Enquirer: 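Have a look at the structure that comes next, please.
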Amino acid sequence: MLSNRTKRLLFGSLFIFLLGYAVNPAFAANASAELRFYDDSNSQVSSGLLVKNDVTMTFTGLINHVVVKQRYQNPHPFAVNARYVFPLPDESAVHAMQMQIGERIITGNIALKQQAEQQFEQAQKQGKRAALVRQQRANIFSTDVANLGAGEEIEITLQYQEIIGFRDGVFSLRFPTTITPRYEPLTAELQQKANLETTDTEQQSEETANKAHVASAWLKPVFHRAQSQESDASLNLAISMDIGLELSDISANLAGMQIDNPSFGRYQLLLNRDVPMDRDFELTFKPLDKAHSQAAFFTETVAGQGYGLLMLVPPSDHFTSQARLPREMVFVVDTSGSMHGQSMEQAKQALFYALSLLDENDSFNIIGFDNEVSVLSDTPMIANDFNIRRAERFIYGLQADGGTEIAKALTQVLDGKQHDGFVRQVVFLTDGSVGNETQLFKQIQTDLGDSRLFTVGIGSAPNSFFMTRAADIGRGTFTFISSTSQVQPKMQLLFDKLAHPAVTELALEGGKAALEYWPSPLPDLYFSEPVLVAVKLDGSQHLTLKGQTNTGPLTINLATANAAQGEGIARLWARQKIKSLLLYNEKQTVRAEVEALALQHHLLSPFTAFIAVDNYAGNEIAERSMQVRNKLPNGMTLPQTDGQSRVFMLLGLLLLTFSWLWQWRR
């Protein structure tokens with residue numbers, strides 16, 4: 001018979017153990033129920049749906065036209081409803097969708113999201129095959145397929161456009177293949193009593209109840225949790241390049257890419273071997289003759305309205321000849337659990353290299369964050385040898401653990417002030433694995449002051465949506481580092497740019513009324529950083545770009561008559577306008593304007609969706625729903641989002657052992 005003291009000890013131990021179990025999502029997820037299937041030899045086979053992604057890209061001028069074919073295969077002897085949450089580039093303008101079942105092709109229609117969802121649910125209940133494509137974030141989408149029959153295959157085709165990146169004389173593009181697990185901070189608010197004199201117990205209880213606010217809910221991906229498991233999704237990729245320039249140094253980060261050059265200026269790239277989808281695909285190439293890449297202007301006319309796409313790289317000697325201003329550099333590094341592994345090593349390498357590029361005219365500081373914020377110094381430090389050594393010791397001690405509380409780091413680093421006599425630049429290194437982006441964007445917009453925020457994406461599949469939007473609002477730029485071999489060259493390019501003064505107060509003017517162009521406002525301009533803007537033309541013969549430098553105003557004129565003809569520019573203009581409307585305004589206040597733009601230009605948005613319904617009912621109404629699994633990003637281990645949970649479990653186990661020993665000795 002156990003004594004009361006032993007019972008209390010056992011009860012406390014079990015409580016601590018269960019508490020640790022409950023608050024550790026990774027542990028809980030590992031133990032969750034799972035449907036498993038076995039073949040005739042009693043070996044486990046994939047329990048999920050299979051998806052093959054065939055991606056075709058065609059470069060025309062500065063625009064990349066992309067066709068993504070998702071082939072859903074149901075290996076089970078019963079019908080299922082399928083869901084696949086997948087990433088696309090955060091600037092992609094998704095404008096077309098179709099569903100193919102055997103020989104039948106059903107073209108998807110763009111509709112308001114709520115109406116599309118109702119059509120899909122109705123078709124699902126009627127046993128019809130249907131597909132619904134929605135945008136959850138600018139770079140996260142989901143496809144739902146209803147009533148996928150036993151052993152059946154359905155192909156969903158999506159089309160989107162994006163602008164090819166150009167910086168430092170190098171063209172680049174990324175195609176994401178998987179999603180980094182997001183950290184969703186939870187906050188609670190204690191509501192104040194509306195009437196302190198009330199005696200109604202129930203009402204008081206409601207008024208004072210804790211109310212949890214979860215960051216904007218979304219359909220989350222599911223992930224492979226064991227490296228030995230078979231991949232459910234794979235990738236084949238073909239790229240046709242014809243941008244009118246002879247290219248050099250064509251490079252891709254995935255092995256096995258075949259490159260063919262059939263004629264002058266044309267290139268064919270092929271990656272056709274079912275590549276595991278565990279890292280972003282990145283392609284870079286350079287024009288052989290850089291003189292032709294300094295300016296490009298394309299136009300398109302749709303329904304009598306002219307649109308333009310302008311890229312302009314101002315001469316670098318204008319910037320390099322200007323005096324360099326003293327800087328205060330603040331490095332903010334994410335040390336949360338999602339950074340564990342290669343990402344943390346990349347971040348440390350980037351910090352070490354960044355320190356080596358400072359001189360004694362600069363001051364600096366380092367801030368690390370996970371659940372909590374740790375600061376190298378309470379005040380900025382001069383970049384002398386002693387302080388650099390101190391900073392290196394601080395970096396050596398950084399360990400990845402805990403949650404991703406970016407808001408706390410932003411509160412620490414953004415002071416909302418104007419800093420006369422020096423340039424304050426914040427370099428933010430993170431994988432951005434958070435789900436509360438909207439909250440963070442508002443914080444940056446409110447607290448930025450005259451600081452500039454430069455985001456550096458670390459890891460094989462960082463959250464580029466957060467990175468690019470945060471840099472847009474922070475009037476800085478986004479740099480992507482996918483491997484340790486890229487740390488030095490990419491940090492060198494970033495620091496070369498940061499070392500030279502910016503052109504501020506940029507504006508684009510025509511000859512008549514004010515132009516409607518996006519992004520708006522235009523970001524600051526740095527050495528070798530192009531202006532890339534989509535504009536609704538007003539019929540003027542010239543466009544003028546104006547700005548302010550340290551030595552006075554800067555004016556650049558561009559003749560619209562010399563523009564080349566492009567395709568899809570109107571969609572890109574609409575996509576950029578939707579992005580700016582949602583970035584700088586409350587979502588509901590611009591909802592009607594976004595819906596009208598999206599419907600007019602056939603674009604996915606937070607308020608629109610593509611719907612396709614087959615009028616022929618299948619043989620079986622699906623009673624099960626399954627989700628295609630995403631692979632964890634290469635080099636990433638399961639995130640440890642709360643380091644205290646392991647402590648709780650260990651403490652609980654120790655106490656359990658101690659209590660049994662105590663009872664045994666008695």
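Bear in mind that the values here come from a model prediction, so they are computed numbers and not experimental data. Basis for what follows: all heavy atoms, side chains included, without hydrogens, waters or symmetry-related copies.
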Enquirer: Can you name the side chain to side chain contact (heavy atoms under 4.5 Å, CB included) partners of A470, sequence neighbours left out?
Expert: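 Scan of A470 (side chain to side chain contact (heavy atoms under 4.5 Å, CB included), adjacent residues dropped) gives F441, I444, L453, T455, F466.
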
Enquirer: Between R469 and E91, is there a side-chain N and carboxylate O pair less than 4.0 Å apart?
Expert: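 So R469 pairs with E91 through a salt bridge.
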
Enquirer: Taking side chain to side chain contact (heavy atoms under 4.5 Å, CB included) as the definition, give me every residue that meets it alongside L532, ordered by chain and number, with sequence neighbours left out.
Expert: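 Testing L532 for side chain to side chain contact (heavy atoms under 4.5 Å, CB included), a comparison that skips the adjacent residues, returns L62, I163, M311.
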
Enquirer: Does the side chain of Q119 come under 3.5 Å of the side chain of N109 through a donor N or O and an acceptor N or O?
Expert: no

Enquirer: Enumerate the residue pairs fulfilling salt bridge (Lys or Arg N to Asp or Glu O under 4.0 Å) with a member in residues 334-349, sequence neighbours excluded, ordered by first and then second residue.
Expert: none

Enquirer: Apply side chain to side chain contact (heavy atoms under 4.5 Å, CB included) to A93 and list each qualifying residue two or more places apart in sequence or on a separate chain.
Expert: L572, R575, L603

Enquirer: With E328, which residues qualify under side chain to side chain donor-acceptor pair (under 3.5 Å), at least two apart?
Expert: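 Counting only residues at least two positions away or on another chain, E328 forms a side chain to side chain donor-acceptor pair (under 3.5 Å) with R424.
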
Enquirer: Of all residues at least two apart in sequence or in a different chain, which pass the salt bridge (charged side-chain N to carboxylate O under 4.0 Å, His left out) check with D280?
Expert: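 Testing D280 for salt bridge (charged side-chain N to carboxylate O under 4.0 Å, His left out), a comparison that skips the adjacent residues, returns R174.
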
Enquirer: Going through the distances and angles, do M339 and I458 end up as a side-chain contact (heavy atoms from CB on, under 4.5 Å)?
Expert: CA-CA 8 Å; M339 292 284 288; I458 298 291; 4.0 Å; yes

Enquirer: By ring pair (Phe, Tyr, Trp, His ring centres under 6.0 Å), which residues pair with H65, not counting sequence neighbours?
Expert: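 For H65 there are no ring pair (Phe, Tyr, Trp, His ring centres under 6.0 Å) partners, ignoring immediate neighbours.
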
Enquirer: Of all residues at least two apart in sequence or in a different chain, which pass the side chain to side chain contact (heavy atoms under 4.5 Å, CB included) check with S377?
Expert: N365, T379, M381, R390

Enquirer: Which residues pass the ring pair (Phe, Tyr, Trp, His ring centres under 6.0 Å) test with F86, not counting sequence neighbours?
Expert: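 Only Y84 meet the ring pair (Phe, Tyr, Trp, His ring centres under 6.0 Å) criterion with F86.
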
Enquirer: Could you go through F369 and F428, starting from their C-alpha distance and side-chain angles, then the distance that decides it, and tell me whether this counts as ring pair (Phe, Tyr, Trp, His ring centres under 6.0 Å)?
Expert: CA-CA 11 Å; F369 74 93; F428 207 105; 5.6 Å; yes

Enquirer: Report the residues that fulfil salt bridge (charged side-chain N to carboxylate O under 4.0 Å, His left out) with K490, sequence neighbours left out, ordered by chain and then residue number.
Expert: E282

Enquirer: What residues, two or more places apart in sequence or in another chain, satisfy side chain to side chain donor-acceptor pair (under 3.5 Å) together with S172?
Expert: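 Scan of S172 (side chain to side chain donor-acceptor pair (under 3.5 Å), adjacent residues dropped) gives none.
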
Enquirer: Between the side chains of Q627 and R83, is a donor N or O closer than 3.5 angstrom to an acceptor N or O?
Expert: no

Enquirer: The criterion is side chain to side chain donor-acceptor pair (under 3.5 Å); which residues satisfy it with T335, sequence neighbours excluded?
Expert: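 Partners of T335 by the side chain to side chain donor-acceptor pair (under 3.5 Å) criterion, ordered by chain and then number, come out as D370.
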
